K.L.:
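Below you'll find the structure I mean.
Sequence lines set the chain letters: A, B, ... in the order given, protein chains first and strands last, and positions in each chain run from 1. Computed from a predicted model, the values in this text were never measured in an experiment.
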4 protein chains.
Amino acid sequence: MGNMVDLNSDLGESFGAYTIGMDDEVIKLVSSANVACGFHASDPVVMRRTVERAVAAGIGIGAHPGFYDLMGFGRRNMNISPDEAYAYVTYQLGALSAFCKQQGTKIAHVKPHGALYNMAGKDYELAKGICRAVYDFDKDLILLGLSGSRMINAGRDIGLRCANEFFSDRAYEDDGSLRARTKEGAMIEDENEAIERVVKVLKTGKVTTYSGNEIELKIDSICVHGDNAHALDFVRTIRQRLTKEGIEIAPLSKVIN
Amino acid sequence: MGNMVDLNSDLGESFGAYTIGMDDEVIKLVSSANVACGFHASDPVVMRRTVERAVAAGIGIGAHPGFYDLMGFGRRNMNISPDEAYAYVTYQLGALSAFCKQQGTKIAHVKPHGALYNMAGKDYELAKGICRAVYDFDKDLILLGLSGSRMINAGRDIGLRCANEFFSDRAYEDDGSLRARTKEGAMIEDENEAIERVVKVLKTGKVTTYSGNEIELKIDSICVHGDNAHALDFVRTIRQRLTKEGIEIAPLSKVIN
Amino acid sequence: MGNMVDLNSDLGESFGAYTIGMDDEVIKLVSSANVACGFHASDPVVMRRTVERAVAAGIGIGAHPGFYDLMGFGRRNMNISPDEAYAYVTYQLGALSAFCKQQGTKIAHVKPHGALYNMAGKDYELAKGICRAVYDFDKDLILLGLSGSRMINAGRDIGLRCANEFFSDRAYEDDGSLRARTKEGAMIEDENEAIERVVKVLKTGKVTTYSGNEIELKIDSICVHGDNAHALDFVRTIRQRLTKEGIEIAPLSKVIN
Amino acid sequence: MGNMVDLNSDLGESFGAYTIGMDDEVIKLVSSANVACGFHASDPVVMRRTVERAVAAGIGIGAHPGFYDLMGFGRRNMNISPDEAYAYVTYQLGALSAFCKQQGTKIAHVKPHGALYNMAGKDYELAKGICRAVYDFDKDLILLGLSGSRMINAGRDIGLRCANEFFSDRAYEDDGSLRARTKEGAMIEDENEAIERVVKVLKTGKVTTYSGNEIELKIDSICVHGDNAHALDFVRTIRQRLTKEGIEIAPLSKVIN
């Protein structure tokens, strides 16, 4: 750590006649793609094309399983059981892995999407349902989750290699959790500040919390977005700065070992 | 052939709160299960349970990919492109294979479901889309299709091992196709006659067509149903008769080699 | 009140090839049907047939809007906004009302389904989203909800006529809420006791709570089920007893005025 | 006819997080909106907002029912029965009408979408299923279909008022049908030519066919698009030219009477 980090972005979220995201652009700027698996977004035709693109770009491919809620884009909490989570994650992992297999590659990591990511970050039993599915499918997969979350705990307990994700535009509390969006100061609005926080956490392993304290945080991957031109510019700026600082951008399979 | 045949039945077609089929009973009577993959029927929880049951029963597991039409149970023709068929079949194959992998087993065969089976039986390009997906996913999978259909042709052309399915309750035309359901005499109503046809085709490789001619038909698997008690009785009767005739009932992986 | 009560049951929950519920039997025994609207269950073909049957049976027709979660039968909490609830309820109300209009009848009441019913019973803002949709669609509709719930409060505040539902097989707390299913004694297992509670609440307006106190409860409708033969027997027994007690069974439009 | 015509465009085809179409722009340029009803596109939240916008713009609101195939945007033929068509159209009509009712307006016309429009244009029985649903729901609704199609025939036979739609960018055959897209010369690529064809058919009631003959065609509405800036420019040009020719642009309820 310190001289290597992954940049991950959600990809392949289009559906049928609906296009979303600037996949062609962002794919050139990141080291890992979280590929939607047809539950919260995407469809089989989009998934095939997305895997092709990721293979061509030479980046790591991750499964991005979500709630079966296309209408809500997987962003709404749903009260599913750990057993349902196990089955839903397995289904989506398998579907994505088939497109990978056809194209001679493999899934490298799993990052639950949206509300599933958030719920599993706080609910150990739900997280265990997810992590057991991943482990039973392929124990070499890397789980990508919020640093310090219960999902990371569950992944470790089950025996998965886990990667810690950092959100450059979010304030952290003293316990390492993200400051709730509903609270004042939850978002880091200033982009320069956001980038400085990334550099600092990578070089020192520390982040300044909302209350002004310094806490330790081990970081393996930074979440970036490809929704619009502005977001792409931000990714480009991060890349330049990381390069300047001598920090290598590499896929999770290289960062985690 | 002649002393060995597979009995296949559709399994795992329940969905959420909806139960359909007498899976617990029919699973004891067949050698291969065509497992629904969540498009025309089933859901991830049902798929997991169905694979568990099939593994416990020691029967062959096949993928049963269908149209994305739960409301119509995949029985309505849909005008999808060969590329869409490729992607939809891949997705479903992958999803089912994940549950198999978790339980230490593999998919042995693929039998398209309902309207997809019927359309691909007549449309070579659609069939090729399906068969290429199967081959690219795992070239050792067996394609189960209507004897003499274009789907079997496409499967052979692509390099898949193909298994010929026989319908005991349907009349055949002189060219080996099924007599259309809309025509008189399409269904073999008499069960004894149906069973005699099975025995004859297995022992002699011949079937008497609707017009009274004898044609050659190579048969690897017989389609049976588990929807109701009567259907189960019919399967039991077929089993007894086949055993009496010295014909072994075995999964496709043993019948085809 | 006291000499008149409605018996309501969920109807028309089949979907495509999937059949659920003994609709033909229970429809003869109740005075109001809660008709599924295609979100948590049912489809347009089933809805048309269900409205036809309800019209033929001469019972009250209610909309039974639920979460857009067919896989979970609308029984899983989903974190939707009041505005989403407004739109989802409107959509389902409209869809059902079209089948009613075609057959010369009208929707009489609205009873949210499953998890939506439970969530709205405790969340005033969500309940207001639902009730505003109902009111804006047709201010003469009757809202059927749990006696004393926030949904009833919201309905009253908005100007809807509200009907109080009683659950004969559930224990009540001192504040009039249902004892949580996770707690001991939540279910009234003994059927005779369940029926006595119904008679008592109708004749005296009082129910004995779990803690042994007596509280006042105004009751307009009793929820019964038609899932299986046993449930149907229970409905028959309730009917007989109510008749013997001189309590008329009548649709909500007659009970509420 | 001749001095009045409707301009219709598909609207409200966004879904959840997915945005499609430049609704805000095209709504100012047309006299009728075909509003998607949640089967091939749209969702309840989008429908509510779309009806609000159409009311604010003062244009006619039409239902745009389609196949239950969001993944294919309703553009793929599906083999549904006339009874299924009846139920599906009723469901969608009702859903849209509820949003209209809440906002003090009514549906004025019905135009089936995509593959349903095309199939019903050639299949009288399917068309009758659709038209009977419309008639039974509200016999005053106007059916908007391809001039001379079987759908128009079915609508007339059932007693609906019918409006004939003209496609400015498509060649016509001598029998008044559209030249198949797969054939040479099916599309009128030149925009000036397209506009001249519109003016001619409105002023003379005649169109020059692909083979060079002149046939009579009664036209009530012209289909325009709002997908992109270029399409919007074309609508503006048509408007200007029609105005210059003294042809009034008016909603179907005014054109048909």
K.L.:
With chain C as the partner chain, list the residues of residues 85-117 of chain B whose heavy atoms fall under 4.5 Å from it, by residue number, and write 'none' if nothing qualifies.
P.N.:
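From residues 85-117 of chain B, none sit under 4.5 Å of chain C.
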
K.L.:
Shorter than 4.5 Å, heavy atoms on both sides: which option in B:Pro44, B:Gly16, B:Ala17 has the most such pairs with chain C?
P.N.:
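Of the options given, most contacts go to B:Ala17.
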
K.L.:
The criterion is ring pair (Phe, Tyr, Trp, His ring centres under 6.0 Å); which residues satisfy it with B:Tyr68, sequence neighbours excluded?
P.N.:
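Ring pair (Phe, Tyr, Trp, His ring centres under 6.0 Å) check on B:Tyr68 returns B:Phe39.
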
K.L.:
Quick one, B:Tyr18 and C:Phe73 - any side-chain contact, counting heavy atoms below 4.5 Å?
P.N.:
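Yes, close enough: below the 4.5 Å cut-off.
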
K.L.:
When only pairs under 4.5 Å are counted, which of B:Asp69, B:Ile20, B:Val45 shares the most heavy-atom pairs with chain C?
P.N.:
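Option with the top pair count is B:Ile20.
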
K.L.:
Could you check whether atom CZ of B:Arg150 has more than 12 heavy atoms from other residues, nucleotides or ligands sitting under 6.0 Å from it?
P.N.:
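At most 12 heavy atoms, drawn from other residues, nucleotides or ligands, come within 6.0 Å of this atom.
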
